[in-house]
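Residue numbers run from 1 in the order of the sequence given.
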Amino acid sequence: MEKKQMKDMTSGSPMKLILSFLIPMLFGLLFQQLYNMVDTIIVGKYLGVNALAAVGSTGSINFMIIGFCTGVCSGFSIPVAQKFGEKNEVGLRRFVANGAWLSIAFAVVMTTVVCLLCRKILQWMNTPADIIDGAYAYIFVIFLGIPATYLYNTLSGIIRSLGDSTTPLLFLLISSLLNVALDLFTIIGLGMGVEGAAWATIISQAVSGVLCLIYMTKKFPILRMTGDEWKPDRNAMITLCNMGIPMGLQYSITAIGSVVLQTAVNSLGSVAVASVTAGSKISTFFCCPFDAMGATMATYGGQNVGAKKLSRIKKGMKCCVFLGAVYSIIGFLALYFFSDVVALMFVDGGETEILANTRSFLLVNSAFYIPLALVNIVRFMIQGLGFSKLAIIAGVCEMAARTLVGFIFVPIFGYSAVCFANPVAWLAADLFLIPAYYKVMKQLMHLFVQRPRETKTKAGAKAIAL
């Protein structure tokens with residue numbers, strides 16, 4: 001059963017392996033976004049525009065905190081993938097155990113700090129007075145669920161590192177259906193308001209995390225700890241933090257720009273906030289394939305760098321970039337023809353200004369999907385190869401671009417500038433990431449070529465001495 005569930009990505013057709021890993025991963029992300037969208041749809045339809053704006057106004061701070069959690073967990077899974085590629089089972093288990101200890105510590109500290117500060121942060125962001133109470137009620141509950149976020153993302157990351165992207169999909173399907181039911185029950189049945197949507201989200205994620213834990217303990221004998229493998233290991237923790245913290249910071253630094261941009265959007269009023277909320281939710285759903293490609297490249301790159309197969313890394317990169325370009329065109333055409341229809345899921349047809357703003361946001365963003373594809377594919381490949389600190393610089397590029405738009409161009413051009421903020425950030429990140437990828441590959445090539453030569457030289461010297 002174990003071998004059937006795991007997938008070795010160091011041999012076989014790169015395109016077939018990428019697609020077989022990517023497709024289940026994509027469906028998992030779609031289901032994850034589905035229950036995020038359901039929150040927004042039900043809130044907008046049953047609680048009104050102000051409630052929709054309240055939830056939307058928390059989007060950037062939500063991304064900054066939860067994105068950090070997700071990034072850290074993704075980073076923790078990279079050494080696992082590398083040890084799997086090396087066929088080093090003892091090292092693999094050591095990283096899994098220490099990743100668990102670190103996740104627990106991070107979850108406790110982060111939950112305490114952000115729950116205490118979240119209302120202050122909303123005030124710093126100039127959240128409009130008519131929606132700040134709803135925004136606080138929603139985001140406070142979401143932050144209470146940080147441990148559930150760590151539970152699911154840490155465990156699903158480990159499962160995917162072993163080549164199994166199908167099982168997390170099944171658990172997300174279960175949790176997404178549960179989320180829909182809980183949304184309807186808490187908001188319509190119990191009349192809880194926006195906090196009901198938040199409780200539905202974190203309960204659903206906790207369920208999917210528990211399912212991952214049960215599955216891992218039963219189906220992966222390779223993960224069963226023996227002897228001292230469960231004990232905290234300082235060196236392993238340092239390695240995990242060197243991978244995880246930069247990836248988490250990359251998300252958070254990127255999100256700082258989003259917070260600045262959200263602050264600028266808040267200054268435009270509740271209509272603008274509701275428009276960006278609807279547009280962002282739809283765009284996030286359409287961008288799931290890019291996220292799936294990124295996660296696939298992290299695992300693919302991690303396993304193949306562990307196996308020291310650089311030629312396969314290059315082939316995999318070319319295959320994934322091709323897939324990203326094809327989908328970018330499809331995504332743009334779909335939104336060009338159907339953005340109005342999709343936007344009606346969030347607001348009533350009478351909200352003509354919000355619908356027009358949402359369409360503008362979606363068309364401008366989707367016109368730059370190819371640069372977005374490169375951001376995800378190249379960045380996660382670099383991280384999978386073990387150079388996660390470079391992701392921080394890419395995050396700084398995105399942050400600087402969004403901050404520039406938020407501080408300078410939104411006050412001048414209004415909502416039109418908001419629509420171009422993400423594309424400008426993606427282009428800025430690409431200007432750094434693409435040269436960085438070639439530099440990383442050059443370093444790895446030098447490293448893998450030099451090591452065999454050094455070994456041969458030492459062996460030859462030893463033979464002469466004898």
Side-chain angles (χ1 to χ4, degrees), residues 33 37 40 44 49 52-53 55-64 125-128 254-288 290-291 327-347 351-376 397-431:
Q33 291 304 320
M37 287 181 68
T40 311
V49 171
L52 176 65
V55 173
S57 68
T58 67
S60 55
I61 184 63
N62 192 348
F63 175 58
M64 183 168 71
M125 292 174 61
N126 295 326
T127 305
T254 300
I256 290 172
S258 298
V259 170
V260 173
L261 182 64
Q262 184 67 57
T263 303
V265 174
N266 290 345
S267 70
L268 300 178
S270 297
V271 171
V273 174
S275 302
V276 173
T277 300
S280 296
K281 289 291 182 180
I282 296 168
S283 183
T284 300
F285 191 82
F286 271 81
C287 291
C288 280
F290 303 129
D291 295 328
Y327 174 74
S328 296
I329 296 170
I330 295 172
F332 172 75
L333 292 175
L335 286 172
Y336 182 84
F337 289 107
F338 301 109
S339 59
D340 289 335
V341 177
V342 179
L344 286 171
M345 293 192 300
F346 296 88
V347 293
E351 301 286 352
T352 55
E353 185 178 0
I354 294 177
L355 289 173
N357 286 346
T358 302
R359 176 175 171 80
S360 297
F361 182 90
L362 291 171
L363 290 183
V364 172
N365 277 255
S366 61
F368 291 85
Y369 272 175
I370 289 179
L372 174 59
L374 290 173
V375 169
N376 281 271
C397 292
E398 290 194 65
M399 177 197 70
R402 288 193 179 92
T403 300
L404 180 68
V405 173
F407 270 137
I408 298 177
F409 292 103
V410 172
I412 297 174
F413 299 104
Y415 186 82
S416 297
V418 175
C419 295
F420 280 91
N422 286 330
V424 171
W426 301 334
L427 290 169
D430 282 334
L431 288 174

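In this structure, the side chains of L335 and I282 come closer than 4.5 Å at one or more pairs of heavy atoms. For the pair L431 and L427, the minimum side-chain heavy-atom distance is 4.5 Å or more.
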Give every donor-acceptor pair under 3.5 Å between a side-chain atom in residues 399-419 and any protein atom, sequence neighbours left out.
residue : atom : partner : partner atom : Å
R402    : NE   : N422    : OD1          : 2.9
R402    : NH1  : E398    : OE1          : 3.3
R402    : NH2  : N422    : OD1          : 3.0
T403    : OG1  : M399    : O            : 2.7
Y415    : OH   : N357    : O            : 2.9

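Using bins of under 30°, 30° to 60° and over 60° for the plane-to-plane angle, the ring pair Y369/F290 lands in the perpendicular bin.
Here OG of S280 is found 7.5 Å from CG of N365. Values are rounded to the nearest 0.5 Å. Atom CG of residue L355 and atom OG of residue S360 lie 11.0 Å apart, to the nearest 0.5 angstrom.
Under the side chain to side chain contact (heavy atoms under 4.5 Å, CB included) criterion, T263 pairs with M125, N126, V259, sequence neighbours left out. Residues passing the side chain to side chain contact (heavy atoms under 4.5 Å, CB included) test with D291, sequence neighbours excluded: L29, N376. Residues passing the ring pair (Phe, Tyr, Trp, His ring centres under 6.0 Å) test with F286, sequence neighbours excluded: none. By the ring pair (Phe, Tyr, Trp, His ring centres under 6.0 Å) test, F361 pairs with no residue at all, sequence neighbours left out.
Of all heavy-atom pairs spanning T358 and S275, the tightest one is OG1-O, 3.5 Å. Among all heavy-atom pairs drawn from A429 and V375, the shortest one is CB-CG2, 4.0 Å. In plain terms, the two heavy atoms of L362 and G279 that are nearest each other are CD2-O, 3.4 Å.
Applying the side chain to side chain donor-acceptor pair (under 3.5 Å) test to pairs two or more places apart or on separate chains, those with a residue in residues 331-341 are S339-R359. Every pair tested for salt bridge (Lys or Arg N to Asp or Glu O under 4.0 Å) that includes a residue from residues 403-413 fails, sequence neighbours excluded, so the list is empty.
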